[in-house]
Amino acid sequence: VTITTATVAAAGGTARVARYGSMSRGRRRTLFWSYVFLILFVIFFLTPPAYMLITSLKTSAEISAATNPWWVYHPTLSNYIELLTQNQYLTFFRNSAIVSVCVVALTMVVSILAAFALARMRFWGSATLATGVFLTYLIPDTLLFIPLFKTFAFIHDKTGIELINHWWVLIILYPTLTVPFCTWIMIGYFASIPKELDEAALIDGAGYMQMLTRIFIPVAIPGIIAATIFCFTVSWANFLYPLAFTTSADQLVLPVGIVTTLIRGDVYNWGQIMTGALLGAAPPLIIYAFLMDYYISGLTAGATKG
Amino acid sequence: MADVVARDLRVARVERRITLHRFARRKSTIAFLMALPLIAIVACLVVYPALYSIHLATLNKSMQRFVGFGNFEFLFRRNTFWMVVEQSLLFAITAVIFKAVVGFVVAHFVHNLPAKGQRKWRGMLLIPWVIPPAMSTLAWLWLFDPSYSAFNWFFAHLGVPQVAWLGNPYWARFCVILVNVWVGSPFFMIMYLAALKSVPEQLHEAAAIDGANWFQKIWYINIPMMRNIIQITALFSLIVTFANFDIVKILTNGGPVDQTHVFATWAFTLAIWGNDIPLGASVSLFMAPILAIAAFFILRNVRRRGNEA
C-alpha cells in the first residue's frame, strides 16, 4: 500500500500507473534495489566520519593494540577532555570562530550592498561588473596565495606593518573566496523580486537605503541565510591561506592547527587528531543539520541562478 | 495671460527634466558607492594579485632581475614538471568523471524513493561535502595508515594481500582520486537531483507506454533534459578539482617521490618552503588556461540561459 501511494506521489497524482500489477511489481523491484545501493553508498560516504568517532573514543593503547580497529572495547572520553582543557586547542577554536564571524559579517554587508546596486540600480559598467564578479569567483585561492604572500611581504618592507603570521590577516584574505560568490547569488535573489515592490516603495517616498532594508532584505532572507552558511563554511574550512600565512602556534586556526601541532614529526597521536578533527567538523555539521534546506538551496543557486 | 501660463508650464517641464536628470545621476552615484567595497575587494585582492603573479613569474629567484620566460624554460626542462602536469590532468579529469558518475547514479536512486523519505537520505549523503575537507582527509589518512590501516585489517581477514595505500605511487594516485570523489560526489548528487526533479513525469509515462526500458528512459529522456546542469556542474567541479590543494597536501604531500603532486601543491612547496616565489608563481599560472576555457563555457551557458529567461 505504501508503495502504491508512493508511486502516486512520485507520478504527481496519476493513480493510473498503480493499477497494473506488472508495473507496480516493477516499481517495487526498483525501490528494493534503490535501497540496497543507497545503503552501500551511505556506508561509503559515512565510513570516514564514523571511523573518526570510533577512534576518538579509544585510548592510545587501544589504538596501537592489534584488535579490531572498527570496534571500541573500552570507550573513553579522555581525548575530548584532554583537548578541551588544553589552551592550545581552544585558541585554535577561538581564532577560527572570530575569523569566521568577522568574514561572514564583512562579506554579507559588502555583497548585499553591491548585489542591490548591481541588480536594481544599475550604473555605467554595472552589467560588466556583474559578469566580472562571477569570473573572479572562478579564480581559485591556489592561484592567489603566492602573489598575496609577496604583496604582504612588500607592505611589511615599505610600511613596517606585519601582516604575515597574524590570525586576523585571514579576515582580509577570506573575502577573496566569499565575496564574489555571495554577491553572485544575492544578485540572483534580488533580481527575482518583482519590480512592482520597489516602485510601490518609491511612490511612498522611500529612499534607496529604506528600500533595501525594508523590502529587499526581508524578502530575500532565505537567500541571505544560504549565502551566510556558504560564507561560514568556506571560512571555517579553508586550509591553504592559514597554512601559507600563519606559522606560530598561537596564531593558527583549526584545520591547520590540528595538522601542524597534533602531528609531531612522525608521531601521530591518532586519538587526539581524530577528536580534534571531529570537533572541528562539528560547527558546520550542526549548522547543516538545522538549516539543511537553506544549505542545499545555496549549493544549487550558485550554478543554476543567474 | 495665456503665454504666462505657457511659460510657467515650460519652466516646470524644464525643471522636471533637470531634477529627473539629477535624480538619475544621483541614483547611479549611489549605486556606484554601494558597489565600491566590492570593487575595492575584487580589484585589490583578486585582480591585482592575479596580474601580479604574471609579473612575478618573469623574475629570477631573488626577484631582482627580469628573466622573461626563463622560469618556464627551466620548468620545461625538469622531469618533475611534466610529471606534475600529467598527474594534475589525470587527477582532475578522472576525479570529475567519477564524481559525475557516482553523483548521477546516486541521484537516480534517491529520486526513485518515495518523496517522504528522500530528505533523510539526501541529508545523510551530503555529509562528506559538509565536513571541512582538511578534517575528513585526516580521517582518510588514518584509514590508509601504513601500520594500522583499517582497510588492511579487513583484507587480512579476507585473505587478500595487504596494500601499501600511500606508499606505492599507483595506489597513492588512486587514494587521492578516491578521497576527492568521496568529497565531491555529494555536490553532483544534489545538483543532479534538482535537475531530475525538473524532468516532467509525463515524458517517462509516454516512454513507458512506448515500451522503453529503464536505460532508454535515462539515455533518451533524463540525460538530454539534464544536459545543461550536467555540463555546468562538471565545469565548476573541473575548476575546483584542478585547483585542489587540501586533499593532496594532507594525504600524500606530493609523495611518494613527487608522484602525486598537482599544480597547487607543487607551487606551494616551491614558493613557501623552497622560498622560490617566482618559480611557484610560474607553476600556479598553469592552472589559468584550463580555468579560462571552463570559464568561457560556463559564461556562455549562463548567458544563454539568461536570454531564455
Side-chain angles (χ1 to χ4, degrees), chain A residues 6 9-12 30-31 34 37-38 41-42 45-46 48-49 51-52 55 69-70 110 113-114 116-118 121-123 135-136 138-140 142-144 146-148 150-151 175-176 179 183 208 236-237 239-240 244 255 259 270 273-274 277 280-281 284-285 288 292 296 299-300 303 306, chain B residues 27-28 30-32 34-35 37-38 41-42 45-46 49-50 52-53 56 106 109 112-115 121 123-125 127-128 130-136 138-140 142-143 148 150 153 187 190-191 194 201 232-233 236 239 243 245-246 250 264 267 271-272 277 280-281 284 287 291 295 302:
Chain A
T30 319
L31 205 63
S34 298
F37 282 105
L38 276 178
F41 275 113
V42 165
F45 281 173
L46 295 188
Y51 197 55
M52 275 162 129
T55 312
W70 298 95
V110 169
L113 280 177
F116 179 66
L118 290 175
M121 296 167 74
R122 308 195 181 257
F123 51 93
L135 282 180
T136 52
L138 299 178
I139 299 179
T142 38
L143 194 71
L144 296 175
I146 294 174
L148 282 170
K150 179 66 196 137
T151 311
T176 59
V179 165
T183 311
Y208 284 106
W236 190 269
F239 182 67
L240 172 62
V259 171
W270 281 113
I273 295 172
M274 289 297 104
L285 278 173
Y288 167 69
M292 189 169 93
I296 288 171
L299 267 186
T300 45
Chain B
K27 178 180 161 184
S28 70
I30 297 172
F32 182 73
M34 282 167 106
L38 169 85
I41 286 177
V42 166
L45 293 170
V46 183
Y52 186 45
S53 73
L56 277 177
V106 176
F109 286 139
N112 283 339
L113 300 185
W121 287 92
M124 278 192 285
L125 291 165
I127 286 179
V130 180
I131 302 174
M135 314 281 181
S136 50
L138 281 172
W140 281 104
W142 172 220
L143 282 165
Y148 300 107
W153 182 83
F187 172 67
I190 288 297
M191 299 299 293
E201 194 57 36
I232 211 157
T233 312
F236 262 107
I239 293 181
F245 177 78
D246 311 12
I250 294 177
I272 308 291
I277 285 179
S284 71
M287 285 186 279
L291 219 105
V302 166

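Every chain is numbered from 1 and lettered A, B, ... according to where its sequence line falls, protein lines coming before strand lines.
Contact annotation for B:A295: both backbone and side-chain heavy atoms come within less than 4.5 Å of a heavy atom of chain A. Looking at B:A134, only its side chain comes within 4.5 Å of chain A, counting heavy atoms on both sides. Only the side chain of B:I272 comes within less than 4.5 Å of a heavy atom of chain A; its backbone N, CA, C and O stay farther away. Both the backbone and the side chain of B:A150 come within contact range of chain A, judged by heavy atoms closer than 4.5 Å. Looking at B:V130, the atoms closer than 4.5 Å to chain A (heavy atoms on both sides) sit in the backbone and in the side chain alike. With a threshold of 4.5 angstrom between heavy atoms, B:I239 approaches chain A through side-chain atoms but not through N, CA, C or O. Using a 4.5 Å cut-off between heavy atoms, A:T183 touches chain B through its side chain atoms alone. In this structure, chain B has heavy atoms under 4.5 Å from both the backbone and the side chain of A:L240. The contact between B:L291 and chain A is made entirely by side chain atoms (from C-beta outward), counting heavy-atom distances below 4.5 Å.
Of the residues considered (A:L143, A:V259, A:L46, A:L38), A:L38 shows the highest number of contacts with chain B, using heavy-atom pairs under 4.5 Å. When each of B:I277, B:V42, B:I41, B:L138 is scored by its heavy-atom pairs under 4.5 Å with chain A, the top score falls to B:L138. Highest contact tally toward chain B, considering only A:A244, A:A281, A:A237, A:P69, is held by A:P69 [criterion: heavy-atom pairs under 4.5 Å]. Ranked by non-hydrogen atom pairs under 4.5 Å with chain B, the options A:A117, A:P140, A:P48, A:P255 are led by A:P48.
Between B:S53 atom OG and A:K150 atom NZ the span is 13.5 Å, to the nearest 0.5 Å. Of the inter-residue distances, the one linking B:L38 atom CG with A:T136 atom OG1 reads 7.5 Å to the nearest 0.5 angstrom. A:T30 contributes atom OG1, which lies 6.0 Å from atom CG of B:N112 (distance to the nearest 0.5 angstrom). In this structure, A:Y51 OH and B:W142 CH2 are separated by 5.0 Å, a value rounded to the nearest 0.5 Å. Taking CE of B:M124 as the reference point, atom CZ of A:F41 lies at 14.0 Å (rounded to 0.5 Å). Note that CG of A:L118 is 11.0 Å distant from CZ of B:F32, once rounded to the nearest 0.5 Å.
Between B:F109 and A:F37, the angle of the ring planes stays under 30°, which puts this pair in the parallel group of the 30/60° scheme.
Side-chain atoms of A:Y288 do not come within 3.5 Å of backbone N or O of B:I131 as any donor-acceptor pair. Side-chain atoms of A:T176 do not come within 3.5 Å of backbone N or O of B:L45 as any donor-acceptor pair.
Across B:I30 and A:Y208, no two heavy atoms sit closer than the pair CD1-CD1, 4.1 Å. The two residues B:A139 and A:M52 have their closest heavy-atom pair at CB-CG, 3.5 Å.
Each of A:T151, A:L144, A:I139, A:I146 was evaluated against B:P49; a single residue qualifies, A:L144, per the side chain to side chain contact (heavy atoms under 4.5 Å, CB included) test.
Side chains of A:L31 and B:P114 form a contact here, defined as non-hydrogen atoms less than 4.5 Å apart. Side-chain contact between A:F239 and B:P133: absent, with no pair of heavy atoms (C-beta onward) separated by less than 4.5 Å.
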Test log, rule side chain to side chain contact (heavy atoms under 4.5 Å, CB included), inputs B:I127 and A:F45: CA-CA 7 Å; B:I127 286 179; A:F45 281 173; over 6 Å; no
